[in-house]
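These notes are about the structure you will find just below.
Keep in mind that what you see is a predicted model, and the values were worked out from it rather than measured. Here is how names work: the chains are called A, B, and so on, in the same order as the sequence lines, proteins then strands, and each is numbered from 1.
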Number of protein chains: 2
Amino acid sequence: MNNTKQRTLIYETVQGSYAHPTADDVFRAVRRDLPNISLGTVYRNLNVLTELGKIRKISVPGQPDHFDRQGEWHDHMVCERCGKMIDITLRCTPPLAEQLAIQSGLEVTGYSLVAQCICPACAEEKEDQPMGQAAV
Amino acid sequence: MNNTKQRTLIYETVQGSYAHPTADDVFRAVRRDLPNISLGTVYRNLNVLTELGKIRKISVPGQPDHFDRQGEWHDHMVCERCGKMIDITLRCTPPLAEQLAIQSGLEVTGYSLVAQCICPACAEEKEDQPMGQAAV
DNA sequence: CTCTGTGCAAAACTTTTGCATAGCC
DNA sequence: GGCTATGCAAAAGTTTTGCACAGAG
């Protein structure tokens, strides 16, 4: 696998961020350093890096896929008002993957847990008046 | 809300199935009874029914959304080889939604848990030879 | 030098939407 | 009759892909 500056930069961008960027977010970010990079290259590399397990892809209903740094395992919560994504390190005993494997009797190779929530900012807003969507 | 035969049939199709159909699956199924129904109508009604909580929408990475009957709460596993979706009634104590709320300190309004697995059929196949994707 | 990756553009695919008409209540 | 839903078709949005060229090893 070749180490191109595009691939390196895309990886560093995702791995260095806690903002759960979409492919387009990554595209706009790396374009600051590599103005000629194409969106296709970003998608291709995000997929390669996901495949290699170097970053994670998170699917959220009704939104484009998000990408996330690899680090300690964690799950995600999404504010149903503003769409903001929040990390949560859910501690279960036994661990969720184990419970899934035991209770299903199948080989579990991974899982994705995305909870909907009301984030603190939106919860506060509600107390004033029923407003529309806040900006992401 | 009007009870059109389209909406009724779409609802019954999803509610009567354990196959987790996609919008297109539903479209092809209802078209047998209503040959002139349009895909747009199917999407509109699936969204309306989801909004009303009468059916569920399940997002799976890299696949179009699936729809599922409402019944006892359950989570889902997807075979990473053949894409087949399997119901699992995961019992956690305390319940997952509660754990999420407690550990995050946020108001949790729902969650989606989709685990990747190797389904029994694909697990067996593997023992013979490394094969390509099976048909869904 | 060879093989992989890139940029560009077109295309694929899923899902939404505008509009005139049809159907429900 | 008024209001909602439908069918059709176009469009929007995300993601993939074919191809010629550039870059990495």
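- Side-chain atoms of A/E80 and B/T109 form a donor-acceptor pair, as typed in the model, at a separation below 3.5 Å.
- With contacts defined as side-chain heavy-atom distances shorter than 4.5 Å, the pair B/H76/B/D68 qualifies.
- Contact check, B/Y43 against C/dT15: a side-chain N or O comes under 4.0 Å of OP1 or OP2.
- Close to D/dG7, at under 4.0 Å from its OP1 or OP2, lies a side-chain N or O of B/T41.
- Using a 4.0 Å heavy-atom criterion, one finds that B/I37 contacts the sugar-phosphate atoms exclusively.
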- Task: Using the side chain to side chain donor-acceptor pair (under 3.5 Å) rule, take B/T22 and B/D25 through it: C-alpha gap first, then chi angles, then the decisive distance, then the call.
- Result: CA-CA 5 Å; B/T22 62; B/D25 293 334; 3.1 Å; yes
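- Projected onto DNA chain C by closest heavy-atom contact, B/N3 and B/K57 fall at different nucleotides, the more 5' of which corresponds to B/K57.
- Between the CG atom of A/N2 and the C1' atom of D/dA24 there is a distance of 5 Å, given to the nearest Å.
- Of the candidate nucleotides C/dT15, C/dT6, C/dC24, C/dC24 has the atom nearest to the side chain of B/T4.
- B/L34 has its CG atom 16 Å from the P atom of D/dA5, to the nearest Å.
- In this structure, A/I10 and B/P64 both approach DNA chain C, and ranking their closest nucleotides by distance from the 5' end singles out A/I10.
- Atom CG in A/D24 sits roughly 9 Å away from atom P in D/dT15 (whole-Å rounding).
- Following rounding to the nearest Å, A/K5 (NZ) and D/dG25 (C1') show an atom-to-atom distance of 15 Å.
- Comparing D/dG7, D/dT16, D/dC19 by their closest approach to the side chain of A/R44 singles out D/dC19.
- B/V60 and B/I118 end up in different hydrophobic clusters when Ile, Leu, Val, Met, Phe, Trp and Tyr side chains are linked at under 4.5 Å.
- In this structure, B/L39 atom CG and D/dA10 atom C1' are separated by 14 Å, rounded to whole Å.
- Regarding contacts with the backbone of D/dA5, every side-chain N or O of B/N45 stays at 4.0 angstrom or more from both OP1 and OP2.
- Computed from coordinates, the B/N47 CG to C/dT14 P distance equals 15 Å when rounded to whole Å.
- For B/Q63 and C/dC13, the CD to P distance is 15 Å, given to the nearest whole Å.
- Here C/dT17 presents its P atom at 15 Å from CG of B/L46, a figure rounded to the nearest Å.
- Of the inter-residue distances, the one linking A/D87 atom CG with A/L90 atom CG reads 12.5 Å to the nearest 0.5 angstrom.
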